[in-house]
Amino acid sequence: MKICVLPGDGIGPEIMAEAVRVLQSLDLKFEMEEAHLGGCAVDATGEPYPEATQRLAQAADAVLLGAVGGPQWDTLPREQRPERGLLGIRKQLGLFANLRPAILYPELANASTLKPEVVAGLDILIVRELTGDIYFGQPRGIEMRDVDGQKQRYGFNTMHYTESEIRRILRVAFEAARKRNKKLCSVDKMNVLETTQLWRDVAIETAPEYPDVELSHMLVDNAAMQLVRNPKQFDVMVTGNMFGDILSDEASMLTGSIGMLPSASLDANNKGLYEPSHGSAPDIAGKGIANPLATILSAAMMLRYTFAQEEAAQRIERAVKKVLAQGYRTGDIFEAGTQKVGTKAMGDAVLAAL
Ligand code: NAD
């Protein structure tokens, strides 16, 4: 089990240290090697995704990433910015499936902007296609065109999917649903967009391979509405790149606690990049107060999806539930009556719970 560890920038090194301690405490043998990605890589080599990091990431079975970016690199040319490193590694590793769970632990129900009874116990997984759709469509651009005798600017992007691209992301989603409550909702806009009619057709054709999973379909506008009306009706949702971009952010915000949410991006062979959903939080970097739980839970996803160590993944998830039940809180999820702890003390609590 070879892991490429990329702490990154800002709070990245602080939260990664805790995730690595958790992994090392397990009864499993990992090979972990650390490298630079993002701003720290720019400082060290001039490149956000340097060659040494590329070699390690390609040779590893999984990549565990903290976060990248920060104001000190925002004035660099676009090609040298830390975020380019992130796009570069996703593209190079062919990570087409983005898995983002939105879980609201009952103890944190007050963190959500929605009523506690709507969100308490929420546990959904959004599966987003990551390398196709309108974001990667050709032709694209803005140009001058003659329209009704008038020259004006014309912007265009093209939505496109092949049936094999649709089928492979659906299979990831069906497999994920199989490991959960066996309900999959496929989200499209088939009443208007032919590309998503194809999406729905392929979903229906793929379903017989997974007779134990119940497949349903929903139009994306309704899905956006249902996510705030009654999010607990969902188990796994699967959708294209653009709809998934929007719905996964909406779903994560239902929980109100960005410091708690992990994510996974997988290739066709379950090699994956695992990272918290939040950024590098430069405002609190170096203070030892960042919440390490999203990174620790990303490590649990890595055990589940890349290494098929379901029991170890669940042990970590149970340990996180336990520390919340014990009342430990970092600043981002603190409320009266609980015990405020820093990054390392939260890691200690998870280790003790394990
Ligand atoms: P952010 O997620 O870093 O921070 C938003 C707010 O949430 C901040 O107030 C921050 O303090 C808080 N926060 C985030 N994670 C936290 C944690 N673990 N514990 C406690 N509080 C936490 O988003 P931003 O401020 O928009 O972006 C900051 C930098 O991060 C930018 O350079 C951006 O480009 C980068 N970024 C990177 C990624 C990534 O690496 N995948 C994702 C998003 C943003």
Side-chain angles (χ1 to χ4, degrees), residues 1 3 5-8 10-32 34 62 64-67 101-112 120-123 179 255-264 274-278 280-281 284-354:
M1 292 188 270
I3 308 170
V5 176
L6 305 174
I11 59 170
E14 301 163 54
I15 53 181
M16 184 58 77
E18 302 313 312
V20 167
R21 281 208 298 153
V22 166
L23 285 171
Q24 283 168 339
S25 79
L26 299 172
D27 209 7
L28 295 168
K29 248 190 129 43
F30 300 108
E31 252 179 67
M32 294 195 234
E34 211 175 288
L64 192 57
L65 169 67
I103 296 176
L104 184 53
Y105 300 93
E107 292 84 3
L108 303 181
N110 288 330
S112 176
L122 177 76
D123 181 355
K179 293 185 183 140
T255 72
S257 37
I258 186 102
M260 297 294 305
L261 298 172
S263 79
Y274 299 85
E275 57 179 326
S277 293
H278 59 72
S280 57
I284 58 166
K287 296 187 178 156
I289 58 172
N291 187 347
L293 294 178
T295 314
I296 291 171
L297 290 166
S298 300
M301 287 188 88
M302 175 181 76
L303 293 174
R304 170 171 297 122
Y305 291 106
T306 291
F307 297 124
Q309 297 283 343
E310 180 62 30
E311 175 48 33
Q314 285 190 22
R315 272 188 70 205
I316 294 178
E317 289 163 355
R318 281 199 303 271
V320 167
K321 280 195 183 117
K322 184 163 177 184
V323 300
L324 294 175
Q326 288 170 330
Y328 295 112
R329 302 282 188 277
T330 41
D332 55 314
I333 50 174
F334 177 74
E335 58 181 319
T338 61
Q339 190 185 339
K340 197 186 256 185
V341 293
T343 311
K344 182 158 185 308
M346 188 57 113
D348 288 341
V350 174
L351 286 174
L354 270 171

- request: Among L324, T338, I258, find the one that has a side chain to side chain contact (heavy atoms under 4.5 Å, CB included) with I333.
  value: L324
field: Side-chain donor/acceptor of E34 to backbone N/O of V5, under 3.5 Å
entry: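 No, E34 side chain to V5 backbone: no donor-acceptor pair under 3.5 Å.
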field: Check: P292 main-chain N/O paired with T343 side-chain donor or acceptor under 3.5 Å
entry: no
Inter-residue atom distance [X].[atom1] - [Y].[atom2], 0.5 Å rounding:
| X | Y | atom1 | atom2 | value |
| --- | --- | --- | --- | --- |
| I284 | I289 | CD1 | CD1 | 5.0 Å |
| M301 | L64 | CE | CG | 12.0 Å |
| Y105 | D123 | OH | CG | 8.0 Å |

So which atom in [X] and which in [Y] form the shortest heavy-atom distance, rounded to 0.1 Å?
| X | Y | result |
| --- | --- | --- |
| R329 | V323 | NH1-O, 4.4 Å |
| R315 | L354 | NH2-O, 3.1 Å |
| S298 | S263 | OG-N, 3.7 Å |
| G66 | M16 | N-CE, 3.3 Å |
| E311 | R318 | OE2-NH2, 3.4 Å |
| Q24 | M32 | CG-CE, 3.8 Å |

Under the side-chain contact (heavy atoms from CB on, under 4.5 Å) test, which residues partner [X], sequence neighbours left out?
| X | result |
| --- | --- |
| R21 | E18, K344, D348, L351 |
| A120 | A109 |
| L303 | L23, L26, L28, F30, F307, Q309, A312, A313, I316 |
| K322 | Q326, A353 |

task: Could you name each residue pair satisfying side chain to side chain donor-acceptor pair (under 3.5 Å) that touches residues 299-308, not counting sequence neighbours?
output: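 Residue pairs passing side chain to side chain donor-acceptor pair (under 3.5 Å), neighbours aside: Y274-T306, R304-E310, R304-E317.
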- request: Would you check if M260 and T255 make a side-chain contact, meaning some heavy-atom pair closer than 4.5 Å?
  value: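 Not touching, per the 4.5 Å side-chain cut-off.
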field: Set of residues satisfying side-chain hydrogen bond (donor to acceptor under 3.5 Å, both in side chains) with respect to T330, sequence neighbours excluded
entry: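 Testing T330 for side-chain hydrogen bond (donor to acceptor under 3.5 Å, both in side chains), a comparison that skips the adjacent residues, returns N291, D332.
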